[in-house]
2 protein chains.
Amino acid sequence: MTQEQFSKYSFLLDRTARKVKQYAQQKFNQGDFDVTVDQWLVLKNLSENVLVSQTELAQLVFKDHPTLTRIIDILCKKGYVERVPHPQDRRSFQLHLTNEGVEKVKALKPQITKIREKAWENLNERDFEEFRRILNTIYDNLEEHSDHEA
Amino acid sequence: MTQEQFSKYSFLLDRTARKVKQYAQQKFNQGDFDVTVDQWLVLKNLSENVLVSQTELAQLVFKDHPTLTRIIDILCKKGYVERVPHPQDRRSFQLHLTNEGVEKVKALKPQITKIREKAWENLNERDFEEFRRILNTIYDNLEEHSDHEA
DNA sequence: TTTGTCACACTAATTATTGGTATGACACAA
DNA sequence: TTGTGTCATACCAATAATTAGTGTGACAAA
């Protein structure tokens, strides 16, 4: 890899990641989804994982604790998520979707799948595997304990 | 001060402190007070301070946080103390005596005063000031930030 | 273009709790 | 008398969630 490539990969990653997010958020706004992209990530993970703690969820969605606290605050305020005191550990909550949250996920999921598909037009399964392999390798190279699931 | 005195003061302090505590706890047991000496210290401070946090109380009674958590647990279980979520800070509680706790303090206070008086028979006000001055000096000598109120 | 608002990311610090270990005091059994 | 069990407390290390502050990006309004 040349010097230019070394300095370019970060730019490419950042630009693309932000574009994907901007596009999604615009579509979310147009669709009156009532959640941001990040809030959706949390809702989706809660729909797939039952009664997780905030620490566990933070690891799943790769967000830091203060940020997740605030996202959960917003989602609780919107009525989609509920904190339940942990039965065995007073330092911890268990998070779960409210009925309203379950309905919201059910309603949004197909629409969001379509939005996500747009980015992969003209790319195929082989491309996706390459994309995944390369990005995971980069991540592992920079992570002390390699422990990815993507 | 001689070498012997240097090695003796710790023994004298420890032996006396434990004797005072043993004597008090025995009297508490005989009187069916339903609290230990340390629990009483907490109750007394709560009767003199309104809606304190656990951190503030820990400083008042010079106990560490885990120990105080457990003492408060016991007193809440006995129905003398109540934890109320802090209105502005979700990490914190405000502690207060229940009505039962207030009655308990009122009932025990005169009895405990009598118990405490026993140790000062044949000693006078001058002795107490000497005692206080010396013990506070020792404490201050060993404390980085000298900030006593005894 | 500038400003304001909102949401998120990151850092440092805080509050109370958990877990483990040790000690002292006391009661009970051998 | 000695040993064991129980309870309460002290101390240490670590943990879970929160607070406060700062910065950035995205977007809307002036």
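Residue numbers start from 1 in every chain, and the chains themselves are labelled A, B, ... in the order their sequence lines are given, proteins ahead of strands.
- In this structure, the NZ atom of B/Lys63 is 17 Å from the C1' atom of D/dC12, given to the nearest Å.
- With sequence neighbours excluded, no residue forms a side-chain hydrogen bond (donor to acceptor under 3.5 Å, both in side chains) with A/Arg70.
- Screening residues 92-103 of chain B for side chain to side chain donor-acceptor pair (under 3.5 Å), with sequence neighbours left out, gives B/Glu82-B/His96.
- Of all heavy-atom pairs spanning A/Val35 and A/Phe28, the tightest one is O-CD2, 3.2 Å.
- Contact annotation: side chain of B/Arg90 to base of D/dT18, donor-acceptor pair absent below 3.5 Å.
- Within residues 73-80 of chain A, the residues that have a heavy atom under 4.0 Å from DNA chain C are, in order of number, A/Ile74.
- A/Thr69 has no side-chain polar atom (N or O) that falls below the 4.0 Å cut-off from OP1 or OP2 of D/dT19.
- Among the atoms of the strands shown, base atoms are found under 4.0 Å from some heavy atom of B/Thr67.
- Scanning for ring-ring contact (aromatic ring centres under 6.0 Å, His included) contacts around B/Phe131 gives B/Trp120, with sequence neighbours left out.
- For residues 54-65 of chain B, the pairs satisfying salt bridge (charged side-chain N to carboxylate O under 4.0 Å, His left out) are B/Asp38-B/Lys63, with sequence neighbours left out.
- Contacts of A/Asp32 classified as salt bridge (charged side-chain N to carboxylate O under 4.0 Å, His left out), with partners at least two apart in sequence or in another chain: none.
- As rounded to whole Å, 12 Å separates atom C1' of D/dA16 from atom CD of A/Gln59.
- Distance alone, capped at 3.5 Å, is enough to place a donor-acceptor pair between the B/Gln39 side chain and the B/Thr36 backbone.
- With sequence neighbours left out, B/Glu125 forms a salt bridge (charged side-chain N to carboxylate O under 4.0 Å, His left out) with no residue at all.
- Cluster note: B/Leu12 groups with B/Phe11 through ILVMFWY side-chain heavy atoms spaced under 4.5 Å, whether in direct contact or through intervening members.
- For A/Asn49, the side-chain hydrogen bond (donor to acceptor under 3.5 Å, both in side chains) criterion is met by no residue, not counting sequence neighbours.
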note = Reading nucleotides 21-30 of chain D from 5' to 3' and marking B where a protein heavy atom lies under 4.0 Å of the base, S where only the sugar-phosphate is that close, and - otherwise, the string is B---SSS---

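- Straight-line distance from the NE2 atom of B/His65 to the C1' atom of D/dT9: 16 Å, rounded to whole Å.
- Chain A approaches DNA chain C within less than 4.0 angstrom (heavy atoms of the protein), and the contacting nucleotides run 5' to 3' from C/dA7 to C/dT18.
- DNA chain C is contacted by B/Ser53, B/Gln54 of residues 33-54 of chain B, taking any non-hydrogen atom closer than 4.0 Å.
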